[in-house]
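Single-structure report; data block below.
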Amino acid sequence: MKINIAVVPVAGLGTRLLPATKSQPKEMLPVGRKPVVQYVVEELARVGMQRILFITGPGKASIENHFDLNAELIQVLRENGKEDLLAELSFERAPIQYFYTRQRQQLGLGHAVSCAEPFIGNQPFAVALGDSIIGLNAESDILSRMTKCFVERKAEAVIAFMEVSQDRVPYYGVAKPREDSEYFELEDVIEKPSADEAPSNLVIAARYVFAPGIFEALGQIQPGSGGEYQLTDAIRLIIQGGGKVYGVRLRADERRYDVGNFDSYFQAFVEFALADEKCGDSLREYLKNML
Ligand code: UTP
């Protein structure tokens, strides 16, 4: 079985990044040279995804424009002999088909994923959050490992997890693993528990693989805090119904760069800029002198 279709939710309001996100999507904020969502798409292309469905919302048209072919720009660069700049647009020719649907009300990530149902139908698929990069320059094959686990273990869902310090746990969906191994079965998964109640410090890290049964579970959940439909609650229902759900750990070199708040956005930008082939060294010197 090949999983080659991915859903990328990008409809969130991004209120934690105001005013930067008042009239532009957080998924289009640059990290180093590229907008966040371009790294996400490059990661998906590298692991063999062929169709990407974006779940978009108000004010997100620039994401669609970014993945279109811009013939006029290509012509201007070609006429002016700017081959190096033309190379920067090579992502436009990735062998991927793009699709878009709107989440008409921002009712949370679970609701966003449920908007994909008419498109996905009865096949397994990946979900990659459009505001999170996995690994420096998105060099991660986490989704390949997850789809392997999904197929080998006949799973209903596979989720990427990362370790965080105990004080960070209340901000995430947290695993209750049955065993301690690279792929581990989940006994439960809990959305934003208090630090005392958290069953581990393994937290959900922005990538999922689902069997189509997730849609039925999403149809059964009630809105949680803030009136949002939580994807974690639907995963929990699957586990409670006897479905096998597994976690796969990110490796130490596969940090999750979450662009959803300023702290981690600034860190991601600086780390990517320092790793930049052309500008990294001079930025490092500049920062050394400044600090
Ligand atoms: P977040 O959980 O960070 O929510 O979304 P948000 O609404 O974008 O941000 P804040 O809390 O207002 O700052 C994680 C991912 O899920 C998408 C977002 O676009 C982001 O890529 N999302 C979230 C949706 O597509 N729809 C939603 O209703 C919520």
Side-chain angles (χ1 to χ4, degrees), residues 6 8-10 12 14 16-17 20 26-47 49 91 109 126-149 158-175 177 180-184 186 189 191-192 195 198 200-209 231-232 246-281 283-284 287 291:
V8 179
V10 292
R16 284 169 296 158
L17 292 176
K26 66 173 162 179
E27 295 83 2
M28 284 298 291
L29 291 175
V31 173
R33 287 176 187 253
K34 303 174 192 172
V36 180
V37 71
Q38 185 180 332
Y39 290 104
V40 176
V41 166
E42 287 174 351
E43 175 199 337
L44 295 172
R46 230 177 277 124
V47 297
M49 297 293 157
F91 74 93
L109 180 59
V127 171
L129 301 195
D131 68 351
S132 291
I133 306 165
I134 307 291
L136 189 63
N137 292 323
E139 275 162 14
S140 165
D141 66 351
I142 181 67
L143 272 168
S144 296
R145 293 174 354 247
M146 291 166 70
T147 51
K148 185 166 176 275
C149 171
V158 178
I159 306 167
F161 284 94
M162 63 180 183
E163 265 180 60
V164 296
S165 57
Q166 204 62 25
D167 59 314
R168 299 290 307 154
V169 160
Y171 297 98
Y172 299 94
V174 182
D180 183 17
S181 54
E182 192 199 346
Y183 301 166
F184 50 90
L186 288 174
V189 58
E191 186 63 28
K192 300 189 179 68
S200 75
N201 61 349
L202 286 170
V203 303
I204 298 183
R207 298 292 181 269
Y208 308 79
V209 176
L231 185 55
T232 310
Y246 290 88
V248 177
R249 282 168 187 262
L250 294 183
R251 285 192 302 252
D253 64 336
E254 285 176 319
R255 206 179 135 194
R256 173 199 181 180
Y257 298 93
D258 174 6
V259 173
N261 63 74
F262 279 115
D263 264 340
S264 54
Y265 173 50
F266 290 163
Q267 286 168 12
F269 194 100
V270 170
E271 212 171 315
F272 279 56
L274 284 171
D276 188 88
E277 260 185 31
K278 290 188 189 143
C279 308
D281 287 344
L283 176 65
R284 189 167 293 101
L287 290 176
L291 298 171

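For reference, positions follow the sequence shown, starting with 1.
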Scanning both residues in full, the closest heavy-atom pair of Ser132 with Arg256 reads OG-NH2, 3.0 Å
Nearest heavy-atom approach of Val47 to Ser144 is CG1-OG, 3.3 Å
Arg284: side-chain contact (heavy atoms from CB on, under 4.5 Å) partners, not counting sequence neighbours: Leu274, Asp281, Lys288
With the side chain counted from C-beta on, respond yes when Val40 and Val10 share a heavy-atom pair under 4.5 Å apart, and no when they do not. no
Pairing residues for Asn137 by the side-chain contact (heavy atoms from CB on, under 4.5 Å) criterion, not counting sequence neighbours: Tyr39, Glu139, Phe272
Testing the 3.5 Å rule here: is there a donor-acceptor pair between the side chains of Glu254 and Ser140? yes
Do the side chains of Phe91 and Val41 get nearer than 4.5 Å, heavy atoms only? no
In terms of relative ring orientation, are Phe262 and Phe266 parallel, tilted or perpendicular, with 30° and 60° separating the classes? tilted
Distance, nearest 0.5 Å, that separates CZ of Arg16 from CG of Asp131: 7.5 Å
To the nearest 0.5 Å, atom CD1 of Ile134 lies from atom CG of Asp253 at 11.5 Å
Interatomic distance, CD1@Ile159 vs CG@Leu231, rounded to 0.5 Å, equals 7.5 Å
Taking the side chain as every heavy atom from C-beta outward, state whether Leu250 and Arg207 have any pair of such atoms under 4.5 Å apart. no
Any donor-acceptor N/O pair, Asp276 side chain to Cys279 backbone, under 3.5 Å: yes
Rounded to the nearest 0.5 Å, how far does OG1 of Thr232 lie from OH of Tyr172? 13.0 Å
Heavy atoms of Met146 and Val158 approach each other most closely as CE-O, 3.4 Å
Does a side-chain heavy-atom distance below 4.5 Å link Tyr171 with Val164? no
State whether Arg249 and Asp180 are salt-bridged, where the test is any N-O pair (Lys NZ or Arg NE/NH1/NH2 against Asp/Glu carboxylate O) under 4.0 Å. yes
Of all the heavy-atom pairs spanning Gly130 and Val36, show the shortest one and how long it is. O-CG1, 3.5 Å
Scanning both residues in full, the closest heavy-atom pair of Pro30 with Phe269 reads O-CD1, 3.2 Å
Output the distance between atom OH (Tyr257) and atom CG (Leu136), rounded to the nearest 0.5 Å. 4.5 Å
Considering residues at least two apart in sequence or located in another chain, which fulfil the salt bridge (Lys or Arg N to Asp or Glu O under 4.0 Å) criterion with Asp263? none
With the side chain counted from C-beta on, respond yes when Phe161 and Leu186 share a heavy-atom pair under 4.5 Å apart, and no when they do not. yes
Quick check: closest heavy atoms across Leu17 and Gly260, and the distance to 0.1 Å? CG-O, 3.7 Å
About how many Å separate CZ of Arg46 and CG of Leu143, when rounded to the nearest 0.5 Å? 11.5 Å
Exam field: side chain Arg168 to backbone Asn201, donor-acceptor pair closer than 3.5 Å: no
Side chain Arg145, main chain Glu182, donor-acceptor under 3.5 Å: no
Can you list the steps and then say if Asp141 with Arg251 is a salt bridge (Lys or Arg N to Asp or Glu O under 4.0 Å)? CA-CA 10 Å; Asp141 66 351; Arg251 285 192 302 252; 3.5 Å; yes
